[in-house]
Amino acid sequence: MHEVGLAQELVRLAEEVARQHGASRVRQLSLRLGALSGVAEEALRFAFEAVSQGTLCEGAELVVESIPLKSYCPYCQEAFLSEDRYGIALCPRCGEPSAEVLEGREFVLSYVEVI
């Protein structure tokens, strides 16, 4: 389960931010998680709770913003949202397949709130 490694890295980064600001605790982490990131949100939450024990992140809230898959159709020259989970989506306008992903691969720590 690679979510454990990702959770460990989130804790490491958040603790680094807390120490840089002289904080005693991390209150909240905000994460942008794309539909094609390959990360299971519930597994990440479970892993974060486990690996944050005994750290500055213990008890911190993990806020996850889900980013849907947004593709681009080179034929219609338009962006569109898709429910596809494999990265190849059919354009709703012309029906042509598109593998050009504009959004949906994100795994970004957006902000860390410390106290």
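Atom set for the values below is all heavy atoms of this structure, side chains included, hydrogens, waters and symmetry mates excluded.
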Q) Roughly how far, to the nearest 0.5 Å, is OH of Y72 from CD of E78? A) 8.5 Å
**Q.** Heavy-atom side-chain proximity of S71 to E100 below 4.5 angstrom
**A.** no
Q: Report whether L36 and F80 are members of the same hydrophobic cluster (ILVMFWY, side-chain heavy atoms less than 4.5 Å apart, transitive linking).
A: no
Q) Of all residues at least two apart in sequence or in a different chain, which pass the side chain to side chain contact (heavy atoms under 4.5 Å, CB included) check with E103? A) I67, K70, E106
Q: Determine which pairs satisfy side-chain hydrogen bond (donor to acceptor under 3.5 Å, both in side chains) with at least one residue from residues 9-18, sequence neighbours left out, and list them in order.
A: E9-R12, R12-E16
Q) Measuring from L33:CG to L6:CG, what's the distance to the nearest 0.5 Å? A) 9.5 Å
**Q.** Atom of L81, atom of P68 and distance for their closest heavy-atom approach
**A.** CD2-CG, 4.1 Å
Q.
Just by distance, no angles: are the side chains of Q28 and Y111 close enough, under 3.5 Å, to form a donor-acceptor pair?
A. yes
Q: Write down the atom of A79, the atom of L102, and the distance for their closest heavy-atom approach.
A: CB-CD1, 3.6 Å
Q: Please round to the nearest 0.5 Å and tell me the distance separating atom CZ of F107 and atom CG of L31.
A: 5.0 Å
**Q.** Closest approach of G95 to L90 (non-hydrogen atoms, all atoms of both residues)
**A.** O-CD2, 3.6 Å
Q. Quick one: CD on E3 to CD on E42, what's the gap to the nearest 0.5 Å?
A. 11.0 Å
Q. After noting the C-alpha distance and the side-chain angles of V112 and L13, does the key distance pass the side-chain contact (heavy atoms from CB on, under 4.5 Å) rule?
A. CA-CA 9 Å; V112 177; L13 290 170; over 6 Å; no
(Q) Grouping I, L, V, M, F, W and Y whenever their side-chain heavy atoms are under 4.5 Å apart, do V17 and L109 come out in a common cluster? (A) yes
Q: Over all heavy atoms of both residues, which pair between S24 and L56 is shortest? Give the atoms and the distance, please.
A: O-CD2, 3.3 Å
Q: Determine whether more than 12 heavy atoms belonging to other residues, nucleotides or ligands lie under 6.0 Å from atom CD of E113.
A: yes
Q | Reported SG-to-CZ distance for the pair C57 and F48, which is rounded to 0.5 angstrom | A | 4.5 Å
Q. Can you tell if the side chain of S37 reaches within under 4.5 Å of the side chain of R105, non-hydrogen atoms only?
A. no
Q. Under 6.0 Å from the CD atom of E83, do we count more than 12 heavy atoms belonging to anything else shown?
A. no
Q.
Assigning hydrophobic clusters by single linkage (Ile, Leu, Val, Met, Phe, Trp, Tyr; side-chain heavy-atom cutoff under 4.5 Å), is L10 placed with V63?
A. no
Q. Nearest 0.5 Å, what's the CD-CZ distance between E61 and R27?
A. 8.0 Å
Q: Apply side-chain contact (heavy atoms from CB on, under 4.5 Å) to the pair Q8 and V51, showing each step before the final yes or no.
A: CA-CA 6 Å; Q8 289 171 326; V51 302; 3.8 Å; yes
Q: State, with a plain yes or no, whether a side-chain heavy atom of C91 is found less than 4.5 Å away from one of C76.
A: yes
Q) Side chain of R45, backbone of L62: donor and acceptor closer than 3.5 Å? A) yes
